[in-house]
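Atoms considered below: every heavy atom in the structure, side chains included; atoms not considered: hydrogens, waters and symmetry mates.
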Amino acid sequence: RRFTNWWIHWEDLHWPNPDSRDAIKRKAEKYAEANITSAIIFGCHFRWDYLPFFTILHDYLATVAEELGKYNIELIDHHSVNLIHRYSTPEEMRRVMEHSGPHIPFSPSREAAASWEYNGKRLNDWRMIDVKSRDILWFPQYASEGFCHRNPEFAESYRDYAVKLVKDTGIKGLMADDAMYYANMNACACPYCRQELKKRTGIDLPPVEDQSFWGNWDNPAWKAWIDLRFDATHDFHKALRAVLPEDFLLMSC
């Protein structure tokens, strides 16, 4: 494959309109002239933040895929499966604008997001929990929160979304990012992560002050904690792979 990116900008979300469609056609022609075989989406990266606009976004992606397909160029979507922007201050918002280049840093207000649902499931119920504070986990580098990929409701909902995305758009591949623990050992203390540790070891997740557990490589329970974190990422992608077409390109970052 000969890859390049396909950036989505604010003006592209003014959709549908004839100018945007013409821009897609001209861009597809240039990609064909450059012998591109695969175009990968950048923009609208924190995908769940665009929940009210999935219909618009998917139609835009379908149009891009259609135009590229005329030249046998495949379109690959690329987004974060679980990170969500949640600003509390203007300074946090500005930080994202300055430092998060791969996406349009758009998000709902916290008040609006509190009631958001997908297929009857409340998004806020999927969030990772901070091991230290046992409150909602916060990622300062992204001004974001994130959904736990061990949470079965979230994993099922994302698989449903991925199937719908492929059906709506005709994309030929997906880079499904961020099903991992960016906060390192500070994530995740959600009920499902704690339950899995209990199932494997018979113990409850200790407070961070308990050095007989945290960082103690002589303790089998600590090693089980490490293992279950890797397993969560493996299990998430294995289940996602199972609902996608057999020849569909699946990647992650």
Side-chain angles (χ1 to χ4, degrees), residues 8-10 12-15 41-61 77-165 168 174-183 186-194 232 236 240:
I8 299 176
H9 301 284
W10 277 117
D12 298 318
L13 298 181
H14 181 210
W15 182 264
I41 291 293
F42 278 73
C44 301
H45 192 59
F46 283 17
R47 187 57 55 87
W48 291 103
D49 288 347
Y50 294 83
L51 177 60
F53 311 109
F54 279 173
T55 300
I56 293 172
L57 177 60
H58 288 190
D59 189 56
Y60 172 83
L61 294 175
D77 194 10
H78 162 226
H79 61 254
S80 175
V81 304
N82 58 346
L83 295 183
I84 50 174
H85 281 310
R86 294 294 181 264
Y87 309 127
S88 297
T89 66
E91 288 72 26
E92 291 170 356
M93 179 174 61
R94 293 187 184 100
R95 175 179 173 82
V96 175
M97 290 291 290
E98 292 169 357
H99 299 289
S100 294
H103 55 133
I104 304 170
F106 166 83
S107 75
S109 67
R110 287 189 177 274
E111 293 79 11
S115 62
W116 277 17
E117 294 183 349
Y118 182 80
N119 289 346
K121 308 296 185 182
R122 198 168 72 102
L123 273 61
N124 272 3
D125 292 340
W126 303 338
R127 292 176 294 178
M128 288 187 182
I129 301 299
D130 190 308
V131 165
K132 295 176 183 176
S133 68
R134 303 299 168 98
D135 200 352
I136 303 302
L137 184 65
W138 170 252
F139 300 92
Q141 69 271 43
Y142 296 130
S144 78
E145 298 167 350
F147 304 142
C148 182
H149 46 290
R150 186 177 287 283
N151 184 313
E153 282 192 358
F154 165 66
E156 179 184 2
S157 296
Y158 182 76
R159 290 194 298 271
D160 180 89
Y161 172 71
V163 170
K164 177 176 174 57
L165 174 68
D168 288 352
L174 171 63
M175 180 176 281
D177 287 2
D178 302 326
M180 59 178 291
Y181 296 100
Y182 274 118
N186 204 31
C188 167
C190 79
Y192 300 100
C193 289
R194 299 199 312 269
F236 178 86
L240 177 58

(message) Taking the side chain as everything from C-beta on, heavy atoms only, tell me whether P52 gets closer than 4.5 Å to W116.
(response) yes
(message) Just so I know, are the side chains of L61 and D168 near enough to count as touching, which here means a heavy-atom distance under 4.5 Å?
(response) no
(request) Tell me, please, which residues at least two apart from D59 pass salt bridge (Lys or Arg N to Asp or Glu O under 4.0 Å). (result) none
(message) Using every non-hydrogen atom in the two residues, find where W15 and Y60 come nearest and quote the distance to one decimal.
(response) NE1-N, 3.5 Å
(message) If the threshold is 4.0 Å, N to carboxylate O, is there a salt bridge linking E153 and K121?
(response) yes
(request) Determine, using ring centers only, whether Y161 and H58 are less than 6.0 Å apart. (result) yes
(request) Could I get the full list of side chain to side chain donor-acceptor pair (under 3.5 Å) partners for K132, not counting sequence neighbours? (result) none
(request) Please tell me if the side chains of D178 and Y182 come closer than 4.5 Å, counting only heavy atoms from C-beta onward. (result) yes
(message) Can you give me the closest heavy-atom contact between L83 and S144, atom names plus distance?
(response) CD2-OG, 4.3 Å
(message) When you compare the side chain of C193 with that of M128, does any pair of heavy atoms fall below 4.5 Å?
(response) no
(message) side chain to side chain contact (heavy atoms under 4.5 Å, CB included) for N119 and D160? Distances and angles first, verdict last.
(response) CA-CA 9 Å; N119 289 346; D160 180 89; 3.1 Å; yes
(message) Show the nearest heavy-atom pair for residues A112 and P108, with the distance to one decimal.
(response) CB-CB, 4.3 Å
(request) Before giving the answer on side chain to side chain contact (heavy atoms under 4.5 Å, CB included), spell out for S88 and R110 the whole-Å C-alpha distance, their side-chain angles and the decisive distance to 0.1 Å. (result) CA-CA 8 Å; S88 297; R110 287 189 177 274; 3.1 Å; yes
(message) Strictly distance-based, threshold 3.5 Å: is any side-chain N or O of R86 a donor or acceptor partner for the main-chain N or O of A143?
(response) no
(request) Please tell me if the side chains of C44 and L13 come closer than 4.5 Å, counting only heavy atoms from C-beta onward. (result) yes
(request) Looking only at non-hydrogen atoms, find the nearest pair between D49 and S107 and report the distance. (result) OD2-CB, 3.7 Å
(message) Quick check: do H78 and F42 have side-chain heavy atoms less than 4.5 Å from each other?
(response) yes
(message) Checking ring-ring contact (aromatic ring centres under 6.0 Å, His included) between H149 and each of F154, Y181, W126, Y192, which is the one that passes?
(response) Y181
(request) Provide the closest heavy-atom pair for L137 versus A183 in the form atom of the first, atom of the second, distance. (result) CD2-CB, 3.8 Å
(request) Please indicate whether E156 has more than 12 foreign heavy atoms, meaning atoms of other residues, nucleotides or ligands, lying under 6.0 Å from its CD. (result) no
(message) A side-chain contact here means heavy atoms from C-beta on lying under 4.5 Å apart; do V81 and D177 qualify?
(response) no
(request) Taking all heavy atoms of Y50 and all of F46, pick out the closest pair and write down the distance. (result) CD1-O, 3.6 Å
(message) Is the shortest side-chain heavy-atom distance between W138 and R127 below 4.5 Å?
(response) no
(message) H79: which residues meet the side chain to side chain donor-acceptor pair (under 3.5 Å) condition with it, sequence neighbours left out?
(response) R47, D77, Y158
